[in-house]
There are 4 protein chains.
Amino acid sequence: MARGRRVNSCGEKSKKLLLEKAIELFSTYGYHQTKISDIVKSANLTQPTFYLYFQSKETLFNDLNEKFHNELTEIFSSSTNDINNGKIGIDLIQGSLTHIFEFFIENPNLTKIGFYEAEQSTAVKEMLVSELIHILNTQLKDSNVLKQADATILAESLIGSVERLTLTNLLTNKTSPEQLAKEICMIYFATELSLVHS
Amino acid sequence: MARGRRVNSCGEKSKKLLLEKAIELFSTYGYHQTKISDIVKSANLTQPTFYLYFQSKETLFNDLNEKFHNELTEIFSSSTNDINNGKIGIDLIQGSLTHIFEFFIENPNLTKIGFYEAEQSTAVKEMLVSELIHILNTQLKDSNVLKQADATILAESLIGSVERLTLTNLLTNKTSPEQLAKEICMIYFATELSLVHS
Amino acid sequence: MARGRRVNSCGEKSKKLLLEKAIELFSTYGYHQTKISDIVKSANLTQPTFYLYFQSKETLFNDLNEKFHNELTEIFSSSTNDINNGKIGIDLIQGSLTHIFEFFIENPNLTKIGFYEAEQSTAVKEMLVSELIHILNTQLKDSNVLKQADATILAESLIGSVERLTLTNLLTNKTSPEQLAKEICMIYFATELSLVHS
Amino acid sequence: MARGRRVNSCGEKSKKLLLEKAIELFSTYGYHQTKISDIVKSANLTQPTFYLYFQSKETLFNDLNEKFHNELTEIFSSSTNDINNGKIGIDLIQGSLTHIFEFFIENPNLTKIGFYEAEQSTAVKEMLVSELIHILNTQLKDSNVLKQADATILAESLIGSVERLTLTNLLTNKTSPEQLAKEICMIYFATELSLVHS
DNA sequence: CATGAATGAGACTTCATTCAT
DNA sequence: CATGAATGAAGTCTCATTCAT
């Protein structure tokens with residue numbers, strides 16, 4: 001049978017295709033239920049080709065997670081710059097959440113992997129929590145909320161909400177990033193807001 | 001090891017031991033990383049013995065999940081009876097959460113499996129959400145919270161909080177069931193409570 | 001749990017029961033598809049009990065076949081005594097076949113094993129063939145049949161007929177032993193018979 | 001042995017080799033006594049390679065039987081076309097038997113499987129019987145044989161003879177296809193033939 | 001660059017058989 | 001005499017990975 005390079009084939013294109021399909025399948029079926037044979041089949045390539053571009057199944061999966069982790073961290077860092085844009089307090093938080101949700105919705109499958117499927121998701125969430133605690137402590141120091149609830153618990157709770165609502169409302173397109181961020185802030189900071197508004 | 005019955009061996013004991021070890025390993029390493037060989041090894045038995053008491057790895061895992069689902073459902077149903085104990089509104093919710101958390105902390109490993117590891121965990125959470133929506137609609141119909149936030153989003157958010165805080169604060173013994181339930185209610189129903197208290 | 005001898009139990013009875021069930025199952029499902037666990041289950045006993053009476057699965061199966069072989073040999077030998085009863089030629093053959101068929105129909109399951117299922121069935125049939133050749137050579141020496149066909153082929157053919165018709169007509173109770181023996185002789189010795197009858 | 005492709009290896013060749021060895025072993029030792037490990041060992045390959053070309057042991061066995069069944073059916077159908085060649089009555093039957101025997105001797109191992117070893121052999125023989133009954137009824141309607149013996153019994157008997165003689169005389173190369181077909185017809189249709197010849 | 005062909009390692013499961021009671 | 005409990009040995013199958021072309 002014919003072997004060797006295909007007409008019209010191009011290394012970078014194949015790699016990108018494999019990556020896409022891998023993300024798709026990992027996010028749909030999970031790491032263990034996704035076989036290399038599945039990935040290459042859906043990319044219309046063969047198994048050795050996979051190893052041309054990726055060291056191993058595990059490496060690929062880890063790289064994907066690292067990428068997710070890094071980009072998400074980046075989002076948060078840059079959203080802190082909103083301070084320069086004059087946003088403070090709850091507005092800053094709401095803005096950050098919006099940015100995160102926008103990132104999620106732009107990378108739904110990667111999100112499913114990095115935020116839900118992978119073992120590394122634990123680290124990602126811890127990162128979010130600690131960043132959030134930092135913001136809470138600097139931005140809402142004197143709020144009612146923090147007087148009544150422990151900052152850590154509040155942050156963990158909020159990330160929990162983000163986790164679940166992303167799955168049920170965001171990635172299903174039921175709620176937009178802005179709207180979801182707003183709803184969450186409403187739930188968590190109603191007392192502050194009512195004071196402000198009154 | 002010689003064949004045949006061991007000195008002092010007893011079926012029920014072996015089965016229970018295997019079950020315990022299985023739950024332990026499944027909860028620690030997950031379904032796929034837990035091999036039957038691991039389970040029997042940690043129970044000091046051999047593989048055929050596993051099949052003496054369980055139909056298959058998958059069946060065992062599913063049964064475990066079903067058990068978790070059923071018991072959790074039961075907890076919720078019976079905690080509704082607190083209405084008869086005069087609990088209403090937020091108190092009722094707080095009581096229900098307390099019961100759930102107590103169940104979780106009594107079955108930490110089973111919880112890790114049924115609430116986090118299994119595919120069926122989706123169904124479990126959906127069940128909790130829909131039960132919670134029902135309570136919200138009947139008990140907090142006229143509250144400020146429901147005026148401002150969609151009941152479904154509120155419920156999903158709350159279950160998200162439960163999910164995360166169980167992992168980070170409850171199962172790590174940082175927070176007690178009662179305390180955690182109270183903190184969550186504080187976060188979610190601060191406005192109501194302040195009205196009540198004022 | 002209760003262990004040890006059952007009330008009303010009796011060694012010989014258990015052995016006989018196991019033997020019956022074994023024959024039944026071997027004949028229905030074959031050697032490999034019949035498990036010791038199946039045999040004891042249908043005898044309402046347990047696996048160790050099986051080994052109380054039989055050395056092993058294979059031994060039991062072989063014993064069964066030996067028994068079949070011996071009894072069938074015996075049938076043939078004693079039917080030779082029909083000579084003393086005055087039977088000769090085709091009548092003798094028809095009588096022998098009748099006896100064989102009667103034995104088959106009295107032991108249908110053992111027959112299915114020893115004549116069809118077992119490897120040893122080869123030997124059994126060879127025995128029948130060589131006995132038959134002997135009879136043909138002594139009783140039908142000058143017949144037309146033997147002039148036209150090789151005695152060995154005739155004998156093999158006849159045993160082939162016996163083999164198939166036993167399965168399709170005798171053990172299904174479509175045809176009686178006597179009738180079947182008669183039909184076979186009709187087919188095989190029509191020329192002789194017509195001479196006789198004319 | 002190192003992993004990966006072997007020098008000079010070729011899929012089709014491997015598959016064919018495995019098939020041959022499988023047929024050989026199945027026919028010699030039977031389905032249950034033939035292990036996949038035996039098959040690949042005698043083909044100098046490894047177990048996963050088997051699954052590269054066949055779905056499972058059972059599937060392979062069934063496919064083999066189906067193939068046997070189909071080809072044998074085909075033989076019979078096409079030998080009916082001998083009618084066009086002017087063959088009628090006993091000659092037609094003898095021709096058909098010859099064709100069958102030729103097929104058997106060209107595929108001795110497949111025959112051992114499909115005609116003796118497999119459960120499906122029952123169906124194969126039933127097919128032969130019903131085809132034969134049809135021929136008898138159309139070609140030998142007024143013969144002496146059919147007057148004296150039941151057509152079904154005659155057909156079953158004849159197939160029994162074919163079954164046994166194939167094993168003892170054909171596959172052992174004691175008798176040629178033509179010769180065996182002739183002998184069988186001699187045995188079964190002696191009366192007709194003698195009439196014809198006289 | 002890409003493929004066809006192959007395999008090492010290991011997972012799940014089954015079954016005849018055997019102790020200890 | 002009979003059982004409950006257990007296991008050695010082995011079989012089928014899968015999957016990530018790797019040669020040779």
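Proteins come first, then strands; the chains are lettered A, B, ... in the order of their sequence lines, and each starts at number 1. Atoms considered below: every heavy atom in the structure, side chains included; atoms not considered: hydrogens, waters and symmetry mates.
Atom-to-atom, CZ of B/Arg5 to C1' of F/dA6 comes out at 9 Å; the value is rounded to the nearest Å. Rounded to an integer number of Å, the gap from B/Asn8 CG to F/dG4 C1' is 14 Å. Note: CZ (A/Phe61) to P (F/dT17) measures 14 Å, nearest angstrom. Atom NZ in A/Lys15 sits about 16 Å away from atom C1' in E/dA2, given to the nearest Å. Between the C1' atom of F/dC1 and the NZ atom of C/Lys16 lies a distance of 19 Å, rounded to the nearest Å. Remark: C1' of E/dA6 and CG of D/Leu17 are 14 Å apart, rounded to the nearest angstrom. Spacing between atom CD of D/Glu12 and atom P of E/dA5 amounts to 8 Å, rounded to whole angstrom units. Distance C/Ile39 CD1 to E/dT17 C1': 13 Å, rounded to the nearest Å.
Remark: A/Thr49 is in phosphate contact with E/dT3, judged by side-chain N or O atoms under 4.0 Å from OP1 or OP2. Of the side-chain N and O atoms in B/Ser14, one or more sit less than 4.0 angstrom from OP1 or OP2 of F/dA6. The side chain of D/Thr46 places an N or O atom within less than 4.0 Å of a non-bridging phosphate oxygen (OP1 or OP2) of E/dT7. Dashed line: the shortest gap from a side-chain N or O of D/Arg6 to OP1 or OP2 of F/dA20 is not under 4.0 Å.
Contact check for B/Tyr116 versus B/Ser121: no side-chain heavy atoms found under the 4.5 Å cut-off. Inter-residue side-chain proximity for C/Asn62 and C/Thr59 is flagged as unmet; no heavy-atom pair is nearer than 4.5 Å. Taking the side chain as every heavy atom from C-beta outward, B/Glu66 and B/Asn70 approach each other to under 4.5 Å. Side-chain contact check for B/Lys67 versus B/Glu71: some heavy-atom pair is nearer than 4.5 Å. When side chains are defined from C-beta on, C/Leu167 does not count as touching C/Phe115, because their heavy atoms never get closer than 4.5 Å.
Taking a pair as Watson-Crick or G-U wobble with both distances under 3.5 Å, the runs of three or more consecutive pairs in DNA chain F are E:2-21 with F:2-21.
Comparing D/Gly4 and B/Cys10, the nucleotide of DNA chain F nearest to each residue sits closer to the 5' end for B/Cys10.
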Original post:
What string of B, S and - do you get for nucleotides 11-16 of chain E, 5' to 3', if B is base contact, S is sugar-phosphate-only contact and - is no contact with any protein heavy atom under 4.0 Å?
Top reply: SSBBBB
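Counting non-hydrogen atoms under 4.0 angstrom, C/Tyr53 reaches the backbone sugars and phosphates but no base.
Legend: residues meeting side-chain contact (heavy atoms from CB on, under 4.5 Å) with A/Asn65, ordered by chain and number and at least two apart, are A/Phe61, A/Ile113, A/Ala118, A/Gln120. In this structure, the salt bridge (Lys or Arg N to Asp or Glu O under 4.0 Å) partners of C/Glu163, at least two apart in sequence or on a different chain, are C/Lys125. When the side-chain contact (heavy atoms from CB on, under 4.5 Å) test is applied to C/Ile36, the partners found at least two apart in sequence or on another chain are C/Val40, C/Gln47, C/Phe50, C/Tyr51, C/Lys57.
For A/Glu58, the CD atom is loosely surrounded, since the number of other residues' heavy atoms within 6.0 Å does not exceed 12.
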What donor-acceptor contacts under 3.5 angstrom involve side-chain atoms of residues 20-32 of chain D, with partners at least two apart or in another chain?
| from | atom 1 | to | atom 2 | distance (Å) |
| --- | --- | --- | --- | --- |
| D/Ser27 | OG | D/Ile23 | O | 3.2 |
| D/Ser27 | OG | D/Glu24 | O | 2.9 |
| D/Ser27 | OG | D/Asn109 | OD1 | 3.2 |
| D/Thr28 | OG1 | D/Glu24 | O | 2.6 |

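Candidate nucleotides E/dA2, F/dA5, E/dT21 were compared by shortest atom distance to the side chain of B/Val7, and E/dT21 ranks first.
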